[in-house]
Amino acid sequence: QVQLVESGGGLVQPGGSLRLSCAASGFTFDFYAIGWFRQAPGKEREGVSCISSRDGSTYYADSVKGRFTISRDNAKNTVSKHTVYLQMNSLKPEDTAVYYCAAVDLGSSCQILGVDYWGQGTQVTVSS
């Protein structure tokens with residue numbers, strides 16, 4: 001059974017930081033990247049960042065480069081379960097959205113069309 005479980009969302013002031021976690025299991029990791037996508041009210045869902053389960057290569061959307069960092073917990077990862085983090089610094093009100101963890105086909109360059117599995121999402125609100 002595929003599971004992608006997000007945690008770590010919440011309310012933070014502008015300029016603050018949050019770390020999101022995604023616990024992924026139930027699929028063959030070698031074929032996928034684990035990614036973070038977000039959807040703000042009234043906007044389309046967009047790719048934020050992805051990390052390849054195969055070689056650790058990363059992708060970032062221009063809007064988050066230099067502020068967000070995606071990483072794998074290599075010490076905890078096993079054949080059947082991976083944990084991926086998204087460290088978000090210097091948060092802005094425009095980062096407010098529901099953040100979704102997803103399993104993304106390796107050939108899709110962190111695009112929504114390449115997502116095979118979604119998590120339930122976690123709310124991030126940046127407001128003073």
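Worth saying up front: this structure is predicted, and the values here are computed from it rather than measured.
The list of disulfide (SG to SG under 2.5 Å) pairs with a residue in residues 27-91, not counting sequence neighbours, reads Cys50-Cys110. Under the ring-ring contact (aromatic ring centres under 6.0 Å, His included) criterion, no residue pair touches residues 42-72, with sequence neighbours excluded. Among pairs with a residue in residues 96-105, none fulfils salt bridge (Lys or Arg N to Asp or Glu O under 4.0 Å), at least two apart in sequence or across chains. Pairs passing the salt bridge (Lys or Arg N to Asp or Glu O under 4.0 Å) check and including a residue from residues 39-61, sequence neighbours excluded, read Arg38-Glu46. Pairs engaging residues 20-31 under the side-chain hydrogen bond (donor to acceptor under 3.5 Å, both in side chains) rule: none recorded [sequence neighbours left out].
Among all heavy-atom pairs drawn from Gly47 and Ala61, the shortest one is O-CB, 3.5 Å. Scanning both residues, Ser90 and Asp95, for their nearest heavy atoms gives O-OD2, 4.4 Å.
For Tyr99, there are no ring pair (Phe, Tyr, Trp, His ring centres under 6.0 Å) partners, not counting sequence neighbours. Residues forming a ring pair (Phe, Tyr, Trp, His ring centres under 6.0 Å) with Phe29 (at least two apart in sequence, or on another chain): Phe27, His82.
Taking NZ from Lys92 and CZ from Arg67, the interatomic distance works out to 4.5 Å, rounded to the nearest 0.5 Å. Here the straight-line distance linking atom OH of Tyr85 with atom OG of Ser7 works out to 8.5 Å at 0.5 Å rounding.
There is a path of hydrophobic side-chain contacts, each under 4.5 Å, that joins Met88 to Ile51. Hydrophobic clustering (side-chain heavy atoms under 4.5 Å, transitive across Ile, Leu, Val, Met, Phe, Trp, Tyr) groups Leu86 together with Val84. The cluster map of Ile, Leu, Val, Met, Phe, Trp and Tyr, joined by side-chain heavy atoms under 4.5 Å apart, puts Leu20 and Tyr117 in the same cluster.
Using a distance-only test at 3.5 Å, with no hydrogens or angles considered, a donor-acceptor pair links the side chain of Ser53 to the main chain of Tyr32. The main-chain N or O of Ile34 is never found under 3.5 Å from a side-chain atom of Arg72 such that the two would form a donor-acceptor pair. At least one donor-acceptor pair under 3.5 Å links the side chain of Gln111 to the backbone N or O of Ser109.
Side-chain contact between Val115 and Phe37 is present, with heavy atoms from C-beta onward closer than 4.5 Å. Side-chain contact between Val104 and Asp116 is absent, with no heavy atoms from C-beta onward closer than 4.5 Å.
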With a cut-off of 3.5 Å and sequence neighbours excluded, list every side-chain donor-acceptor pair involving residues 119-128.
from   : atom 1 : to     : atom 2 : distance (Å)
Thr122 : OG1    : Gly9   : N      : 3.3
Gln123 : NE2    : Ala97  : O      : 3.4
Gln123 : NE2    : Thr125 : OG1    : 3.3

Considering only distance and modelled atom types, tabulate donor-acceptor pairs under 3.5 Å from the side chains of residues 10-19, sequence neighbours left out.
from  : atom 1 : to    : atom 2 : distance (Å)
Ser17 : OG     : Asn89 : OD1    : 2.9

side-chain contact (heavy atoms from CB on, under 4.5 Å) assessment of Trp36 paired with Ile70: CA-CA 9 Å; Trp36 290 95; Ile70 192 168; 3.8 Å; yes
Passes side-chain contact (heavy atoms from CB on, under 4.5 Å), Leu106 versus Ser52? Steps please. CA-CA 7 Å; Leu106 278 176; Ser52 169; 3.5 Å; yes
Could you walk me through whether Lys65 and Asp62 satisfy the salt bridge (Lys or Arg N to Asp or Glu O under 4.0 Å) test, starting with their C-alpha distance in whole Å, then the side-chain angles of each, then the deciding distance to 0.1 Å, before giving a yes or no? CA-CA 5 Å; Lys65 281 181 182 176; Asp62 288 342; 3.1 Å; yes
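Side-chain heavy-atom separations under 4.5 angstrom define the hydrophobic clusters, and Val5 shares its cluster with no other residue. As a member of the Ile/Leu/Val/Met/Phe/Trp/Tyr network built from side-chain separations under 4.5 Å, Leu113 groups with nothing else and remains a singleton.
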